[in-house]
**Student:** 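Following this message is one structure expressed as structure tokens.
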Amino acid sequence: MAEILLTVVIKKAADIAGELISAQVSRYSKLPENTKWIEREMRHMQSYLKDAESKQARDERIKNMIKDIEEIARDVEDILDEFLPKVASKGGKSLGFFKKTFHAIPFGIAAFKFVSEIEKIKRRVHEIDRVRTTYGIMDTGASAEADGNWDFRRSFLYADEPDVVGLDKDCQSLEAKLLDAHLRYAVVSIVGMPGLGKTTLGKRIYRRLQGNFECSALVYISQEPRMRELLLSIARQVGLPEGRRDEELEFNLSTFLKEKRYLVFLDDIWNTSTWDGLKLVFPNNCKSGSRLIITSRNNNVGRYIGGEKSLHKLQPLDPENSWKLFSKMITTLQETTINPPELIDIARKIVGRCGGVPLAIEMTAGMLRARERTEPEWNGILKKIGLDDQDKFSKILTLSYTDLPATLKPCFLYFGLFPEDTQIYASDLINMWVAEKFLGSERGMDATDIGADYLNILVARNLIQVASRGFDGRIKSCRIHDLLHDLCITLAEESNFFQKVDSRGFGATTTRIRRVALHPRHITEYVTSNSEAPKIRALLCFTSDYQGIDQQHLQHMISRFRFLRVLSLEARYSWCSLPNEIVNMNHLSYIKLKGTFHGEFPSRVCYLETLLTLDIRGCLGTIFLPTSVWRMRQVRHILLGYTTNFISSFSLTRRFKNKNMSLPDKVDSINLQTLYNVQSEYLKPSWFSKFINLRRLKIRYISEEILRALMDADHVLQKLEKLCLGGNFDDRTSISIEAGAISSTYYTQTFNLSGYHYLTKLNIEHIPLKKLPNSEAFPPNIIKLTISAFTMTEDPMNTLKRLLKLKILKLRDFYYNSVKKLDCSGVDSFPQLELLEIEDCTSLQELIVDDMGMPKIKKIVVLNCPSLKKISGRLQCRLLEKTSDAKRRRK
């Protein structure tokens, strides 16, 4: 954990040092000098810790020293956050949000205090070095095996086959694959999270098929393998003569295997570099039929070795097989069921807690066998599952964590802040990481894209699971296995990364806690029990019931948490408003409010110059935002609710909303990436030239002026990827798009989005279209298109089937006696379409496609189309649903 803190401090110190130099604070030369010292010293500590953290379990002295380094790293971060805003506010070029808040603080006093605090840190660093020398904490490089800490998994590989439950289908599938003469890469890669039985499955297959090959070998690969020992082990097992094992081992082994039909099982490969060191001995021109079996926790390793088709992703056991395995492990030969019977209910809870992970089930059963069969004993085990750091399975899970790069460790631990079994939206998670400064711009990539890469890496390492993907394949939401969730909590609370205060009770508090996740009922208790304001960086409040947040304590809490960067609050039952004190939180970067929040945002919210994300789309009450929000240059994501309104910044009460609401002529939100659910009346056409980084845009009640601005070829939003345009369903305005032109009382502009080359998703909602423009007017790379609530008189398929890259098409809400026939026929009809969904089209009678149309269609959904009588035979076989009273479904 110290490595995580040091990474954050190093980045912050480097940024601040650059700002001080550019601000030309030469009169206070010790400022850049001390800041550079911080950066340099933290880097040295980080290098030392990379080796020391892996050895602390075997040496208590090292463990204590690491704790001292963690405390220094935390204190340095506090010093930077406390004093550098004051220091930088005096310079000619300040650190953005530091400028206004601390403008009145004398520069000299702040600089003096900062230097004094750093001098104290220097003395503490020297003291750590003295302790290290005095007590002989010198060598942290001894290997695990040298210290006698034998990895029991190495022995497990060669042990007798354990009880195998629920793997029969996997075994049959892989055996058939390995014996297939046409297997392209001669490799099968068994991948999955720790404990699923990858080694068990691989070993079972290896032993069953071993007799079909001329020679064979199985070896265990550690995190830091000794390559020569591995090669010698393979050489001995496959029968390479002893005289050829001393010199030129790699060449001799490779030559030997060229003439053999071999089967080699490489268990638990951690990274691609290990394979790069081994692959030379496995000849590319090997005799037909040779095979490799590998297991890995990392999908990318398997993909690298054998390609995508080599992957066999192992899944947790279902409840039935989980109980079957547990029963097999816990009962004796004389028993047919668990005795005494009153333990069965507890046993089922224990099995459920193991989450279908065979190794967890087996180890838990082993602990139960060693204890008395009483309810208190078994309940004690139930509480410890996944939380006991002495448990072997917990240690196996921890290996996956320690193997992560330092930059990914805090991102993984963040999952522990969310409630168990929660589906976590990727956008929320990434925006929190950005606010916490876990992500930065690398290789010219935006922080959001880096966050998406980090998620993909965690998925590939089988530390998190994908819950859903978007139309473009990106991760939309994810979840984490319960046992890995417990691991996050255990590791985080040990290192003060966060504290979890849930419905089970209130734990001990500490001023060194950096993040808190709590239930609303504990807010009052948490605030009153902390005499000193905790220097927390993130506060997440979740609720699953109707427990409200106390307005008074919410205000008191926010007024004290001045270092807060992430604020995510969920309230129900009682109505709350955001306290005015929020404008004093000079580090706040992420605000998400959900539930019964209402009222006006403080007019000075625009002075929060670190604010990157404002998410109020989940608020049930009416929210009033000051129009000065549009002047926030740094803001990246603004997500509004359906009851969000704007008021002029100088208005004091909502009653002036309609009379005094005036929008600024210009906006400064050049970094804006997401603008969600904004009403057209709160936008100006001239602003779009400033939204140069906008990726996602949703506008409600679209007006002619805004539509014209969007379609203006001179002001195309070049980075826009997703666009949703909504009209007013109750509006009497009728839009008619004919021959590419919009003609009505209010709309006269040409409909053309062809300039949006990055736009892949387009929604048109509640705009009563009569005819679509030509296909050339649509974005050239459109993948997903949804058109809702329209009164077309002509078949829209005449246009839509010519969209060459369209994969998903959803047509909803035909009204009146409009289109009666949809014709998807033709050789060039929908060349890439995979999903067609038609819903609430009351007038539709016929759906037509010939043998040449829709060559890649996979699924067709028809909902609530009562007049539909005729469907082409080719489409009928792909029809997923057809019902007249199905519930309306929305995404």
Side-chain angles (χ1 to χ4, degrees), residues 96-97 425-435 446-448 451 565-569 578 582-583 585 588-594 597-649 657 661 663-664 666-702 706 709-710 717 719-726 763:
F97 70 98
Y425 286 98
S427 57
D428 290 344
L429 193 64
I430 291 172
N431 290 338
M432 289 180 182
W433 290 348
V434 173
D446 183 81
T448 303
R565 296 172 186 160
V566 172
L567 178 64
S568 178
L569 298 177
L578 201 62
I582 197 171
V583 300
M585 303 175 76
L588 194 59
S589 295
Y590 178 96
I591 299 176
K592 180 175 181 178
L593 303 179
K594 184 178 179 181
F597 282 94
H598 73 111
E600 295 179 10
F601 264 62
S603 60
R604 292 178 60 244
V605 71
C606 61
Y607 294 149
L608 292 177
E609 297 189 11
T610 53
L611 188 63
L612 301 176
T613 300
L614 176 61
D615 185 351
I616 55 175
R617 57 187 156 169
C619 292
L620 301 178
T622 303
I623 300 290
F624 295 91
L625 289 177
T627 56
S628 57
V629 166
W630 300 116
R631 304 304 302 271
M632 300 176 72
R633 183 181 181 88
Q634 81 294 337
V635 70
R636 294 186 182 183
H637 309 282
I638 298 178
L639 300 104
L640 307 176
Y642 284 94
T643 55
T644 302
N645 295 295
F646 283 83
I647 56 174
S648 297
S649 301
K657 168 184 169 286
M661 196 277 289
L663 298 174
K666 296 181 180 179
V667 295
D668 297 320
S669 305
I670 61 173
N671 291 306
L672 193 64
Q673 296 180 7
T674 304
L675 181 55
Y676 179 86
N677 221 24
V678 63
Q679 293 188 39
S680 194
E681 63 178 303
Y682 300 132
L683 296 172
K684 281 191 174 183
S686 59
W687 294 359
F688 286 93
S689 60
K690 287 287 187 179
F691 295 157
I692 56 176
N693 290 300
L694 201 63
R695 295 185 178 189
R696 291 167 287 277
L697 174 62
K698 179 177 180 179
I699 303 177
R700 292 191 295 133
Y701 308 137
I702 190 76
I706 298 303
L710 280 172
L717 304 174
K719 295 184 179 181
L720 195 65
E721 299 172 1
K722 300 177 183 179
L723 174 63
C724 181
L725 303 177
N763 281 26

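Since this is a predicted model, take the numbers as computed values, not measurements.
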**Student:** How many angstroms lie between OG in Ser669 and CZ in Arg631, if you round to the nearest 0.5 Å?
**Tutor:** 9.0 Å
**Student:** If we ignore angles and hydrogens, is there a donor and acceptor under 3.5 Å between the side chains of Thr674 and Arg696?
**Tutor:** yes
**Student:** Where is the tightest heavy-atom contact between Arg604 and Val583, given as atom of each residue plus distance?
**Tutor:** NH1-CG2, 3.1 Å
**Student:** Got more than 12 heavy atoms from elsewhere within 6.0 Å of NZ, Lys690?
**Tutor:** no
**Student:** Quick one: does any side-chain atom of Asn677 pair with a main-chain N or O of Leu639 as donor and acceptor, under 3.5 Å?
**Tutor:** no
**Student:** Going by the angle between their ring planes, with limits at 30° and 60°, are Phe691 and Trp630 parallel, tilted or perpendicular?
**Tutor:** tilted
**Student:** With side chain to side chain contact (heavy atoms under 4.5 Å, CB included) as the criterion, how do Arg636 and Val434 come out once you've worked through the C-alpha distance, each side chain's angles and the decisive distance to 0.1 Å?
**Tutor:** CA-CA 11 Å; Arg636 294 186 182 183; Val434 173; 3.8 Å; yes
**Student:** Taking Ala447's backbone N and O only, do any of them form a donor-acceptor pair with Trp433's side chain (distance below 3.5 Å, no angle check)?
**Tutor:** no
**Student:** So for atom NZ, which belongs to Lys594, do other residues, nucleotides or ligands contribute more than 12 heavy atoms lying within a distance under 6.0 Å?
**Tutor:** no
**Student:** If you apply the rule side chain to side chain contact (heavy atoms under 4.5 Å, CB included), what do you find for Phe601 with Ile616, and how did you get there?
**Tutor:** CA-CA 11 Å; Phe601 264 62; Ile616 55 175; 4.0 Å; yes
**Student:** Can you check whether Arg633's main-chain N or O pairs, donor with acceptor, with Glu609's side chain at less than 3.5 Å?
**Tutor:** no
**Student:** Taking all heavy atoms of Ser680 and all of Ile706, pick out the closest pair and write down the distance.
**Tutor:** OG-CG1, 3.0 Å
**Student:** Go through Gln679 and Phe646 one step at a time and tell me if the side chain to side chain contact (heavy atoms under 4.5 Å, CB included) criterion holds.
**Tutor:** CA-CA 10 Å; Gln679 293 188 39; Phe646 283 83; over 6 Å; no
**Student:** Can you see which heavy atom on Thr643 is nearest to which on Gly621, and at what distance?
**Tutor:** OG1-O, 2.7 Å
**Student:** How close do Leu608 and Ile582 get, counting heavy atoms only, and between which atoms?
**Tutor:** CD2-O, 3.6 Å
**Student:** Any chance you could measure Leu672, atom CG, to His637, atom NE2, to the nearest 0.5 Å?
**Tutor:** 8.5 Å
**Student:** Tell me the closest heavy-atom pair linking Lys719 and Asn693, and the distance in Å.
**Tutor:** NZ-OD1, 2.9 Å
**Student:** Distance check, rounded to the nearest 0.5 Å: Tyr682 atom OH versus Leu625 atom CG?
**Tutor:** 9.5 Å
**Student:** Give a yes or no answer on whether the side chain of Gln634 reaches the backbone of Leu612 with a donor-acceptor pair at less than 3.5 Å.
**Tutor:** no
**Student:** Can any side-chain N or O of Asp615 pair as donor or acceptor with the backbone N or O of Arg617 at less than 3.5 Å?
**Tutor:** yes
**Student:** Just verifying a value: how many Å separate Asp668 CG and Ser628 OG, rounded to the nearest 0.5 Å?
**Tutor:** 11.0 Å
**Student:** Hey, could you give me the CG/CG distance between Leu710 and Leu717, rounded to the nearest 0.5 Å?
**Tutor:** 6.0 Å
**Student:** Within the distance-only criterion (no hydrogens, no angle test), does the side chain of Ser589 pair as donor or acceptor with the backbone N or O of Thr610 below 3.5 angstrom?
**Tutor:** yes
**Student:** Is it the case that the side chains of Asp446 and Thr448 hold a donor-acceptor pair, with the cut-off being a distance below 3.5 Å and no angle test?
**Tutor:** yes
**Student:** For the CG atom of Leu697 and the CD atom of Glu721, what is their distance to the nearest 0.5 Å?
**Tutor:** 12.5 Å
**Student:** Search all heavy atoms of Ala435 against all heavy atoms of Tyr590 and return the closest pair with its distance.
**Tutor:** CB-CB, 3.7 Å
